[in-house]
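Accompanying notes for the structure given below.
Computed from heavy atoms alone, side chains included, the values below leave out hydrogens, waters and symmetry copies.
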Amino acid sequence: MTYLLCCLAFLISYVQLFSSPNIAFASSLEAEALLKWKASFQNQTRNNLTSWAYYPKVNTIPCNVWTGISCNTAASVNRINLTNSGMQGTLYEFPFLSLPNLEYIDLSLNQLFGAIPSQISSLSKLIYFDLSYNKLSGKIPPEIGLLNNLQVLHLIGNQLNGSIPQEIGQLKFLNELALQTNSLEGPIPASLGNLSNLAVLYMQDNYLTGPIPSDFGNLKHLTMMNLFNNTLSGSIPSELGNLKSLVELCIQDNNLSGSIPTSLGDLKNLTILYLFENKLSGVIPKEIGNLKSIVELVLNQNQLNGSIPTSLGDLSNLEKLYLSDNQLSGTIPQEMENLMKLTVLELDNNNFSGYLPQNIGRPGSLQNFTAHNNHFIGPIPKSLKTCKSLVRVRLEGNQLTGNISEGFGAYPNLQFIDLSHNNLHGEISLLWGQCPQLAALRAAGNNLTGIIPPEISHATQIQVLDLSSNSLVGVIPKNFGRLTSLVNLMLNGNQLWGPIPSEFGSLTHIEYLDLSTNKFNESIPVIFGDLLKLHYLNLSNNKFSQEIPFQLGQLVHMSQLDLSHNSLKGRIPSEMSSMQSLEKLNLSHNNLTGLIPTTFDGMHGLNDIDISYNQLQGQIPNNKAFQNARMEGNNGLCGNVGGLKPCNHSVEHKRTSKKAFLIIFPILGALLLAFLAFVLIGRRRSRRKQEQEIEQSNMHKSFFSISNFDGRKMYGEIMEATNGFDVIHCIGKGGQGSVYKAKLPSGSIVAVKKFHQTFDGEEASRKEFFNEIRALTHIRHRNIVKFLGFCSTSHHSFLVYEYLEKGNLAAILSNEHEAKRLVWSTRVRIVKGVAHALCYMHHDCSPPIVHRDITSSNILLHCDYEPCVSDFGTAKLLNPDSSNWTALAGTYGYVAPELAYTMKVTEKCDVYSFGVLALEVIMGKQLGNVVSSFSFPSTTYANILLKDVLDQRLPPPTPQLQDELITIARLSIACRHSHPKSRPTMHMVSQELSFQTASSDRGSDDITLEQLITI
């Protein structure tokens, strides 16, 4: 009974409160003001504010009824929380003056644009203000400094510019200031040092300049300071040592200079200290050893010198220590054995010397250990043998000694290890086969002896195996065929013997194979012809005999082949001319005989040939690469090249007769064609009349279909589905024609590309039409749009394709909502798919097909975002017997620069366009002037970070995806080289994207574009 009376009393007081005319009137005014703001939005039907409505008859009060609106006890709005509500509009109509009691505003994660109005100063009671992750621009209004009660100010992830107002220093109650990821510039105001209650300061990812204010030493309550990725200069203020509450100090990636202040050792609560990628010099102060709470200490990529202070061994909580890329020297302190929690230790690219501590990482926590390119001597640390947590180890380029079979054990998580170029000895341990995750094992340039143990084949995930330049003996184990993931295999520079096992035929993913400088004998296995992904094969300096197997001609992706210094005999197989990607060929110092095949005339990619010291004879091929070839030691060769005798008359007569036939016959053919053309032109008018009369009866002849469609029936269905190509069914327009969506009676949907009917340009239009048919008729690839058929009549010329649901890539990247669905893994897959398609067109089609218009508009996407290359109207089939000169075709910004002055089409034109496209995919926008900036010399790349050019609409990628994006960015820049011959082939690009291994040296998006070029 008491409970009911209490409820009744509350109800009465509530009714009395909201029955008050003044309160109702005030709430009504606030509601009207908010509705006026809502009415200014551009997306009225696509936001989450459907509950916002005004009903005058019932005196609507928005409190706790409207989404995101809360009120105080006087029924006045005091909180607005509309985070992630789909709003698209500005703050210009926001009712600042009508909401005098507002204390809390959160409008983050929307699509607000325009400037922040100065009227913000009227919200005198405001405590919390968050506009993060919108598209706001302009300057931060200095009037914010009048919000005397403000405690939280978040403006993260917008497009704000100009300087930080010094008036913010007046906000004495401010606890959090987050301005990161904007375009703010100028110096940091010293007035911010007055914010005595500030606990969080985030200003990273801007363009701030000048020094870190020494006044920051007054921020006694500060726990987090992030100023990284700006262009701050000057020294680190010693006053930062006063910030006793500081937990994270991240000021990396600036231009800070001078020494590390010893006062930083007073920050007893510090867990993270990031000072990397600056210009800091001097020694590491021993006072750093006082940071008992430090977990991550990152000092790499500076100019620090001197030795590592022994006090670092006192950092009992340290998990990650990065000291690489400095000028440090001396020995590694024995005290570092005390770092029981250490998981990452990077010491590479310094001048360290002496012995490594033998018990470093002894508790088994060490995961990443990199100490390459120093001068370490002595044995490998004993602790590494039992450190089961190891994931990545790099010790190459030192002077380490010891028995390799005793220094390492079985590691369940190890993915990468490089011990190359040391003084290690002993035999290869059987335990390497017990590393199930091992992807890369490098031990080149040591003193290893004994055989290659068959047990190594149990590590079936190995992709890179480099045992070169040692003293290994014996045969290659037959069970090497189990290493089916192998991509790179280097066994060169040993004393291996015997035949190559036939089990090598199982290594179908191998791309790089070097078995040179050994004692292998018998014949070159014919199974090498089945390793279709090989692009580098070196079998030189062995004892191979017999003939060169003609099956090697199947290796159409081969770019370098070295069979020199063997005992090969017989003729050079003519089938080798099928290796159209071959750039370097060395057959020297063998016993080859006979003529050089005339089919070598067509190997236009060759630029380096050595056939010296054989027994070859006859005329050299008519290939410019042979003009500079090394051919000495072949007394029977002749030709018009310095150092060779002229060919005798009989041979010359035969070749002259052949040339005369090749000249006269085309002339006669041309005359005949001219005569036929003259006759056909005379009949043209009458034929046009006849075409209209017989069109219907011959419809089945006019329509050709690759699929199992009835041509005449499909024509009728398409005409009906598009209502005679009504504009309502049009889904795209281009220079060649329009694309229509047609739903057939069977339920299937097709895309129909109808070519424009032209008069002056009729021949050009028909040429594009038949170009596309010719290019698509004989190709099949999952990443090339599926061609169903075509129709060519006097009324219509159109092509029929499969319909791809997601449309073209350009449209998706330009749509803010859709672009966010293209997560990093999807974008990587899109780039790979396009690369595979172009590789197929260039290297697996005969003759090769050059698309000539690779753009994001011509990449279509399935519902799962699998890409397909489309629009082959400008494609060109590369005839090896022609010069491939053409009219300029393509889209501005994607066209290779050499086409502007040579007009000669090669596959490298598509390679350039692919480079532009790949950059566009990872940057998230059409590049325009951004791309042109990449054309400057590499010195301008030094300060451009990869993470700065990645699409900012997506969250940062995972480490694995970072590696893949680094590879894509590096290849994109290589593809856009100004000299066509310096660009990689699409085969090289496709293979590197497909089989990126754990050998990648860098896993950080902090890498610069200059570093990308040099990787």
Do any side-chain atoms of residues 135-147 form donor-acceptor pairs under 3.5 angstrom with protein atoms, and if so which ones, sequence neighbours left out?
none

Ignoring hydrogens and angles, write down the donor-acceptor pairs under 3.5 Å from the side chains of residues 237-250, residues two or more places apart or on other chains.
residue: Asn242; atom: ND2; partner: Glu239; partner atom: O; Å: 3.3
residue: Lys244; atom: NZ; partner: Gly241; partner atom: O; Å: 3.2
residue: Ser245; atom: OG; partner: Lys220; partner atom: O; Å: 3.2

With Asp951, which residues qualify under salt bridge (Lys or Arg N to Asp or Glu O under 4.0 Å), at least two apart?
-> Arg827, Arg953
Side chain to side chain donor-acceptor pair (under 3.5 Å) partners for [X], two or more places apart:
| X | value |
| --- | --- |
| Tyr274 | Glu296 |
| Asn269 | none |
| Ser420 | Asp418 |
| Thr370 | Asp348 |

Please, which pairs that meet side chain to side chain donor-acceptor pair (under 3.5 Å) have at least one residue in residues 202-212, sequence neighbours excluded?
-> Asp205-Asn229
Please collect all ring-ring contact (aromatic ring centres under 6.0 Å, His included) contacts where either partner lies in residues 126-163, sequence neighbours excluded, each pair once.
-> Tyr104-Tyr128
Separation of Arg442 CZ from Ile417 CD1 (nearest 0.5 Å) = 12.0 Å
[X] side chain to [Y] backbone, donor-acceptor under 3.5 Å:
| X | Y | result |
| --- | --- | --- |
| Ser191 | Gln166 | yes |
| Asn254 | Gln252 | yes |
| Asp106 | Ser108 | yes |
| Asn317 | Val295 | no |
| Asn422 | Asn398 | yes |

Non-neighbouring partners of Gln437 that pass side chain to side chain contact (heavy atoms under 4.5 Å, CB included), sequence neighbours left out | Gln415
For Thr262, side chain to side chain contact (heavy atoms under 4.5 Å, CB included) partners two or more places apart = Pro285, Glu287
Qualifying residue, where the test is side-chain contact (heavy atoms from CB on, under 4.5 Å) with Leu153 and the options are Leu174, Asp130, Leu126, Leu131 | Leu174
side-chain contact (heavy atoms from CB on, under 4.5 Å) partner of Ile288, chosen from Leu297, Asp314, Leu267 | Leu297
Heavy-atom closest contact (Leu400 atom, Ile377 atom, distance) = CD2-O, 3.9 Å
ring-ring contact (aromatic ring centres under 6.0 Å, His included) against Tyr322, all qualifying residues, sequence neighbours excluded | none
Inspect the surroundings of OH in Tyr355 and state if more than 12 heavy atoms from other residues, nucleotides or ligands are less than 6.0 Å away.
-> no
Other residues, nucleotides, ligands: >12 heavy atoms within 6.0 Å of Lys172 NZ = no
